[in-house]
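Reading through the structure tokens given below for one structure.
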Protein chains: 4
Amino acid sequence: MRWKRRAAARPDEILDAALDVFIETGFDAARMDDIAARAGISKAGVYLYFDSKEALLRALISREISPIAAQLTAIAEAGAADPEATLRLMATAAIERLSDQRFFAVPRLIIAISGRFPDIADFYRTEIVETAMAALAKLVTAGIDKGAFRPVDPVLTVRAIIGPVMFAALWRHVLRGDLDIPPAKVIEGQVDLLLNGLKP
Amino acid sequence: MRWKRRAAARPDEILDAALDVFIETGFDAARMDDIAARAGISKAGVYLYFDSKEALLRALISREISPIAAQLTAIAEAGAADPEATLRLMATAAIERLSDQRFFAVPRLIIAISGRFPDIADFYRTEIVETAMAALAKLVTAGIDKGAFRPVDPVLTVRAIIGPVMFAALWRHVLRGDLDIPPAKVIEGQVDLLLNGLKP
Amino acid sequence: MRWKRRAAARPDEILDAALDVFIETGFDAARMDDIAARAGISKAGVYLYFDSKEALLRALISREISPIAAQLTAIAEAGAADPEATLRLMATAAIERLSDQRFFAVPRLIIAISGRFPDIADFYRTEIVETAMAALAKLVTAGIDKGAFRPVDPVLTVRAIIGPVMFAALWRHVLRGDLDIPPAKVIEGQVDLLLNGLKP
Amino acid sequence: MRWKRRAAARPDEILDAALDVFIETGFDAARMDDIAARAGISKAGVYLYFDSKEALLRALISREISPIAAQLTAIAEAGAADPEATLRLMATAAIERLSDQRFFAVPRLIIAISGRFPDIADFYRTEIVETAMAALAKLVTAGIDKGAFRPVDPVLTVRAIIGPVMFAALWRHVLRGDLDIPPAKVIEGQVDLLLNGLKP
DNA sequence: AATGAATGAGGCTTCATTCAT
DNA sequence: TATGAATGAAGCCTCATTCAT
């Protein structure tokens, strides 16, 4: 019966392996051979669980994405009472998470393949990005209503939050820039700017 | 002797073609056949000017990059007298430019292939990103010295500027999001937030 | 103990399934998966009864063939007294039978694979075709002896009988030709021609 | 310039090779490797001229077929004056031709693959078989009109002619039967039976 | 007897690159 | 300079067959 359990775990093991290989080489240059080897099974074995390399990509993105949207909305709603603190909390969480290569892999894949698989990009936008943005926008609106924030445009404000977070991840994982600034300091500085602005 | 002129223009025509094809399919999925066809020459013809597909990629990135760094530094220096106006000007220019797919192609390529060609990513970071950031940081520092800005961390401030600009490009070209917000308004809102912050 | 009986029937069920699949796709393109599925068992189950796909082919041909030779000889011998009627009877039976796709499948398989399995072709020729031809030839000879037929070459006469029968099957199953001529009429016309010839 | 001529001949060389390999192994078991090797080029070279193995099959059948239909009709029309002699002539030609394995290959391929490529079978029926049958039927009708033949059913008569010819080819190439009867005698006997019938 | 899981071997097809002209 | 022709080296995927339970 041991293999029963193994078999049940296989798809996830394969997706883990695929994630690793995709991170290293990107989708196109990834070889099914390597994914199989990394998963510890034969190449044909992969096809027992996934129809094609593209199917693997789609399944992977789905899996990585699915828990996120709900979490984001939950946090945003839970924190409506104290928008400022919640904003700081979410930015912290996002930067921490995205500093993990495996977490940043999906957005990066999306960027790389959106030209050829526009529907995947659409899926990601709908399921994750728009959800996240809506949650944040609600938070900003709550802050405005409470008088904690100026009456700014919530959508643009959300971009002002997400943008630097995204940049931090790109800087680290894509541009391999020095990491001399500790994350905590990055967040502190970024939030301070967001709240107080540049002007004296 | 018209062909002389044509011949001299060939490398650029080829790079133009390569850029188009890379935009559509990404580097790995791009076929030399397609690039040659788009350039209006034979596939073998491409190899008269470029040694390999990778060489094409490197040459393309070099070409697209070369004028930018100088421009950025020049603008930043020229505008040191009025940091706020210059910041607004640069953000406007960046968003406008990046709304052109052909301009955004290079950063996008970098993101996609940095895993396999780390030296290209390093090159891009050194030549463009760090240069741009340095120019902007100088501007911020000038503003602080002048008393126009609070004594913030210049590096983080630069990230707060670049991040939203980058996000705008990703949103448009990768995520194919709606473009209901006109660029001018995006810039205005973003700069306002940056200068005045969220707080009332 | 119903399963005991089922188990005993398994090989036949598998061969039935194989026959169906071979009819649809031919031997080479047939997949063991499909055969197993059609037989209602697992793929591995097929291998409990047959060593290989080729073994399946051989067993199938054997099974389909075995009763035929004896029948043919029996009919031919029983009808020696009235050669003309017996000829008509046999032609009728042959055309009827071959109008069933499952019956024609074996000759068709033989045609398709004789190049790669010459021994199967030889087996089929020896066991079926030559037997049938011998039986028919005997009938013709009997007719000649009786004065019912002209002193023709029996072997060629047999070909003149089998040929059109074979063609009728090819026309229907391979060429998918219109079936506007009812079988009875085909037989009647064919036998009339055979007996009376073209000349007035 | 030598290669110019070579290149022009390539498709035909490849089709020749494919015909050989198809004869030996059938369509499914044929390997593109073998076809390429037989044609004296690389496997990739085959794909310069044909899109796929299936395309090769279709092109081959087209090529082999195209001259035949016209020839048949021409002969039939030219011989309308003397139907009996023309019938004998055509039977002779057909049996001779089909005794060549390369000529019989196409009908044999059709038989083997008609299940999976019904449109090819339809094409063959329309272009070749129905054309041939129409030509022969016209001849028979002419004979009847002239009083040379009895008023038989022309279509069935055509089957009585084609059937034995087909059988002769099957006997030789598929069943690998002895060839003790010389073709000339086969034809003579077959035609005699057709004209004069079995009855005394 | 029966099967879900696994795989080795191999086939088709693609494509960056080279060569002969 | 320019290219049509050609190919070696892969990569994806399939499938007959075996194994562990």
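Chain letters run A, B, ... following the sequence lines, proteins first and then strands; every chain starts at 1.
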Q | All pairs passing salt bridge (charged side-chain N to carboxylate O under 4.0 Å, His left out) where residues 49-58 of chain C contributes a residue, at least two apart | A | Glu54(C)-Arg58(C), Arg58(C)-Asp119(C)
Q | Any residue of residues 109-117 of chain A with a heavy atom less than 4.0 Å from an atom of DNA chain F | A | none
Q: Could you check how far CZ of Phe50(A) sits from P of dC12(F), rounded to whole Å?
A: 16 Å
Q. For the side chain of Arg125(B) and the backbone of Arg176(A), is there at least one donor-acceptor N/O pair under 3.5 Å apart?
A. yes
Q | Between C1' of dC19(E) and CD1 of Ile41(D), the distance in whole Å | A | 16 Å
Q) Between Ile41(B) and Glu13(B), is any pair of side-chain heavy atoms under 4.5 Å apart? A) no
Q | Test side chain to side chain contact (heavy atoms under 4.5 Å, CB included) applied to Arg63(A) - qualifying residues, sequence neighbours left out | A | Asp12(A), Leu15(A), Asp16(A), Leu60(A)
(Q) For Ala44(D), give me all partners under side chain to side chain contact (heavy atoms under 4.5 Å, CB included), at least two apart in sequence or on another chain. (A) Ser42(D)
Q. For the pair made of CD in Glu54(B) and P in dC15(E), what is the distance, rounded to whole Å?
A. 19 Å
Q | Whole angstrom value for the distance that separates C1' of dG4(F) from CG of Leu48(D) | A | 9 Å
**Q.** side chain to side chain donor-acceptor pair (under 3.5 Å) involving Arg108(D) - partner list, sequence neighbours excluded
**A.** Ser114(C)
Q) Side-chain N or O of Tyr49(B) less than 4.0 angstrom from OP1 or OP2 on dA2(F)? A) yes
Q. Which residues within residues 25-35 of chain D lie with some heavy atom under 4.0 Å of an atom in DNA chain E?
A. Ala30(D), Arg31(D), Met32(D)
Q | Given dT14(F), dG4(E), dT3(F), the nucleotide with the shortest approach to the side chain of Tyr47(A) | A | dT14(F)
Q. Val46(C) or Lys53(D): which one's nearest nucleotide on DNA chain E is closer to the 5' end?
A. Val46(C)
Q: With sequence neighbours left out, write down each residue that passes ring pair (Phe, Tyr, Trp, His ring centres under 6.0 Å) with Tyr124(A), or none if nothing qualifies.
A: none
(Q) Holding to side chain to side chain contact (heavy atoms under 4.5 Å, CB included), I want the full list of residues that pass it with Ala18(D), two or more places apart in sequence or in another chain. (A) Phe22(D), Ile35(D), Leu56(D)
Q) Taking for each residue the nucleotide of DNA chain F with the nearest heavy atom, is it Asp51(C) or Gly45(B) whose nucleotide lies nearer the 5' end? A) Gly45(B)
Q | Nucleotide-level pairing of DNA chain F, given in dot-bracket where Watson-Crick and G-U pairs need both distances under 3.5 Å and | marks other strands | A | .||||||||||||||||||||
Q: For the side chain of Ala44(A), starting at C-beta, report the closest nucleotide among dT7(E), dT13(E), dG8(F).
A: dT7(E)
Q: In whole angstrom, give the distance that lies between atom CG of Leu57(C) and atom P of dA16(F).
A: 13 Å
Q. Can you tell me how far C1' of dA6(F) sits from CD of Glu13(D), to the nearest Å?
A. 13 Å
Q) Can you name the side chain to side chain donor-acceptor pair (under 3.5 Å) partners of Glu24(B), sequence neighbours left out? A) Arg38(B)
Q.
Holding to ring pair (Phe, Tyr, Trp, His ring centres under 6.0 Å), I want the full list of residues that pass it with Phe104(C), two or more places apart in sequence or in another chain.
A. His173(C)
Q) With a 4.5 Å limit on heavy-atom distance, are the side chains of Leu48(A) and Arg10(A) in contact? A) no
Q. Is Arg10(A) near enough to dA6(E) that one of its side-chain N or O atoms lies under 4.0 angstrom from OP1 or OP2?
A. yes
Q: Name the closest nucleotide to the Lys43(A) side chain, picking from dT7(F), dT17(E), dC13(F).
A: dC13(F)
Q) Sequence neighbours excluded, which residues qualify as side chain to side chain contact (heavy atoms under 4.5 Å, CB included) partners of Ala37(A)? A) none
